Amino acid sequence: MSNASPASASAAASAISAGHRKVLEWLESSDSKRMLIGGKWVDAVSGKTFETINPSTEERLAYVAEADSADVDAAVAAARRAFESASWSGISPHARTRYLLKIADAVESHADELAVLETLDNGMPLSFSAARVAQVAEIFRYYAGWPTKIYGTTNPTDSARFIYMLREPMGVCGLINAWNVPLVMAAMKIAPALACGNTAVLKPAEQTPLTTLRLAELIEEVGLPPGVLNIIPGFGATAGGALVAHPGVDKVAFTGSTAIGKQILQSSASNMKKVTLELGGKSPNIIFPDADLDKALATAVATFCGNSGQICSAGTRLFVQESLHDEATERIAQIAATYKVGSPFDADTKLGPLISARQMERVLSYVDAGKSGGARLSLGGDRVGNRGYFVEPTVFSSVSNDMKIAREEIFGPVLSIIPFKDEDDVVFKGNDTEYGLASAVWTSDIARAHRVARSLKAGRVWINTYAEGDPVMSMGGYKQSGFGRELGSESIDAYTQTKSVYMRL
Ligand code: ADP
């Protein structure tokens, strides 16, 4: 494996792009990044700030205003005022379309900058963040098409009545995001929320607040009325907890761990908030021997290494038929060994750092669990360098589905290769998990492909591919991977409610 010095982020600085230079200026433009409440950039009521760290260098990128319950109160009040005001609730759907289109344009015209900032704050390779920014523009554009198509219905009845149903926004939405793809998650929540006429208070993850703040600046510049979108950076237990429990919030959309998702479901019960939860996964990626093996194995590596494994839908349980196990393991290890771990600004880097020291320690503790649990370590397993949170692509083979590394979400570049006997066996094992976020099947037998796709209990199934997405397709989890769906028309359902109107003629 070619593991160039991961601390070489500064080496890349010699050839930084115009976008990179703008980001450095933006970071230096203030002592701390403020929060957005009611159209104004403000400090926390407490005056507190917290640091956000570059995971490649362990250096501080910025101080950020730290919201707690007083700021959440102010943000929810601002969102409520905006929701009630004619400058938002009274405007035509065409006007909401125009706002969303302008946001998409603003994202595209600042794409370099946003990609660099995402890479600095999160550590994802620059090519990966650039692709995510393109996705963000696409999501805003997709939802820009919706405001004029959110129909109610005129319903059949007798001649003495006129009855119809209106589809209306929920009101104030509390949006809480994880750190692994911050901008995409922000777009997946902000775009449908605004398309449907809601207002929002968004808490980005404490590890990665910067791109959400920069996106909010761009959104402000398109002239959105004050208070329609509010951003409150801060920690989960304080800012997040206050937002979820707030009686002025009508709906909560959350992306994060299953454990916190369960807490959110409980605390949003206080005023019966409508809730959507996008949670963890331990997705089966199933390869039958009749598949295009070159493609299947190369994709298997790309999916468990993508974003250094910090993707909730990553194919972390790779099922291969027993006869194929040794060959597949050898080829997977060979391919993964060519994946360069290093500065996310180097063009040939495939794996940037993990998000934090805590996450790196967690991932390495799973490597220990794999070894002590009896799996065969076929590649990797160690930290790379001693600065930045870099971990090698790690492959365990001869894993059984009941081992800890096959049951728990690791959120790092760790693959478990699990042998199976036949189709029934792999469908059983693939589904034998508390999660159900995503899955894949590789085969040249069309009937088997669709049979297995139907049998897998997961919100997404890929056939002879992995990790493809499109804003027109919803995503979400079966079982403990979630509650409700994001993207597609299902997000429109999730950010609206219906009202039945009866009139006697
Ligand atoms: P991870 O373990 O990957 O950081 P979490 O589920 O802990 O995932 O965090 C995801 C998001 O949820 C973050 O924005 C975090 O601040 C927030 N969060 C954490 N705990 C709570 C909580 N008790 N209430 C509301 N939000 C929370």
Side-chain angles (χ1 to χ4, degrees), residues 35-42 67 69-103 140 143-144 146-152 165-177 186-204 212 215-216 219-232 239-240 242-254 264 267-268 270-276 484 486 491-499 501:
M35 58 184 92
L36 178 64
I37 296 181
K40 296 201 165 60
W41 291 94
V42 295
S69 61
D71 309 286
V72 172
D73 285 347
V76 172
R80 177 63 56 192
R81 276 195 302 278
F83 183 68
E84 306 292 349
S85 93
S87 64
W88 183 244
S89 65
I91 65 173
S92 82
H94 296 287
R96 293 206 301 275
T97 289
R98 283 194 295 273
Y99 280 127
L100 291 166
L101 288 175
K102 282 187 196 163
I103 295 169
F140 276 105
Y143 282 106
W146 268 103
T148 50
K149 286 126 199 137
I150 302 173
Y151 296 114
M165 286 171 73
L166 297 171
R167 186 168 279 280
E168 300 186 332
M170 292 281 186
V172 174
C173 302
L175 313 176
I176 298 180
N177 276 337
M188 275 167 39
K189 293 183 172 58
I190 295 170
L194 301 194
C196 295
N198 299 282
T199 58
V201 178
L202 190 161
K203 192 197 88 61
T212 304
L215 175 68
I219 292 178
E220 282 297 288
E221 284 168 19
V222 311
L224 205 63
V228 170
L229 175 66
N230 306 273
I231 309 288
I232 47 148
L243 186 59
V244 174
H246 203 292
V249 173
D250 302 298
K251 183 211 157 68
V252 166
F254 168 82
I264 284 182
S267 47
S268 36
S270 57
N271 66 328
M272 211 55 83
K273 292 179 183 70
K274 315 297 182 274
V275 181
T276 42
E486 289 196 303
S491 248
I492 300 297
D493 297 340
Y495 284 94
T496 54
Q497 53 196 336
T498 56
K499 176 188 282 172
V501 183

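We number each residue from 1, following the sequence as shown. All of these numbers come straight from a predicted model, not from anything done at the bench.
The line from SG of Cys196 to CD of Gln497 is 11.0 Å long, rounded to the nearest 0.5 Å. From Ile190, atom CD1 reaches atom OG1 of Thr212 across 7.0 Å, with rounding to the nearest 0.5 Å. To the nearest 0.5 Å, atoms CG (Leu224) and NZ (Lys102) are separated by 10.0 Å. Residue Tyr495 holds its OH atom at 5.0 Å from CG of Leu175, rounded to the nearest 0.5 Å. Annotation: the span from Ile219 atom CD1 to Leu36 atom CG amounts to 9.0 Å, rounded to 0.5 Å. For the atom pair CG of Leu243 and CG of Asp71, the computed distance is 11.5 Å after rounding to the nearest 0.5 Å.
A heavy-atom distance below 4.5 Å is found between the side chains of Ile232 and Lys203. Between His246 and Asp73 there is a side-chain heavy-atom pair separated by less than 4.5 Å. A heavy-atom distance below 4.5 Å is not found between the side chains of Val201 and Val72. The side-chain heavy atoms of Thr148 and His94, taken from C-beta on, include a pair separated by under 4.5 Å.
When every heavy atom of Ile37 is checked against every heavy atom of Ala78, the shortest pair comes out as CG2-CB, 4.2 Å. The minimum heavy-atom distance linking Ala79 with Thr199 is given by the pair O-OG1, 2.9 Å. Residues Ala187 and Pro192 approach most closely at O-CD, 3.7 Å, considering heavy atoms. Nearest heavy-atom pair across Gly38 and Pro226 is O-CB, 3.5 Å. Across all their heavy atoms, Ala67 and Ala239 have their closest contact at O-CB, 3.5 Å. In terms of heavy-atom proximity, Gly171 sits nearest to Asp250 at CA-OD2, 3.4 Å.
When the side chain to side chain donor-acceptor pair (under 3.5 Å) test is applied to Thr496, the partners found at least two apart in sequence or on another chain are Arg167. Taking the side chain to side chain donor-acceptor pair (under 3.5 Å) definition, one finds that Thr276 meets it with Lys251, sequence neighbours left out. Qualifying salt bridge (Lys or Arg N to Asp or Glu O under 4.0 Å) partners for Glu84, counting only residues two or more places apart in sequence or in other chains: Arg80. Applying the side chain to side chain donor-acceptor pair (under 3.5 Å) criterion to Lys189, with sequence neighbours excluded, gives Asn177, Thr255, Glu486. With sequence neighbours left out, Arg81 forms a salt bridge (Lys or Arg N to Asp or Glu O under 4.0 Å) with no residue at all. The side-chain contact (heavy atoms from CB on, under 4.5 Å) test applied to Pro225 returns Ser87, Trp88, Tyr99, Val228, not counting sequence neighbours.
Here the side chain of Ser491 pairs no donor or acceptor atom with the backbone of Ala494 at under 3.5 angstrom. The closest donor-acceptor contact from the side chain of Lys273 to the backbone of Ser267 lies at 3.5 Å or more, if one exists at all. At distances below 3.5 Å, not a single donor-acceptor pair connects side-chain atoms of Asn198 with backbone N or O atoms of Val172. Proximity of a side-chain donor or acceptor of Asn271 to a complementary backbone N or O of Gly248 within less than 3.5 Å is not detected.
No more than 12 heavy-atom neighbours from other residues, nucleotides or ligands sit within 6.0 angstrom of NZ on Lys40.
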Under the side-chain contact (heavy atoms from CB on, under 4.5 Å) rule, what do Val222 and Arg98 come out as? Steps first, then yes or no, please. CA-CA 9 Å; Val222 311; Arg98 283 194 295 273; over 6 Å; no
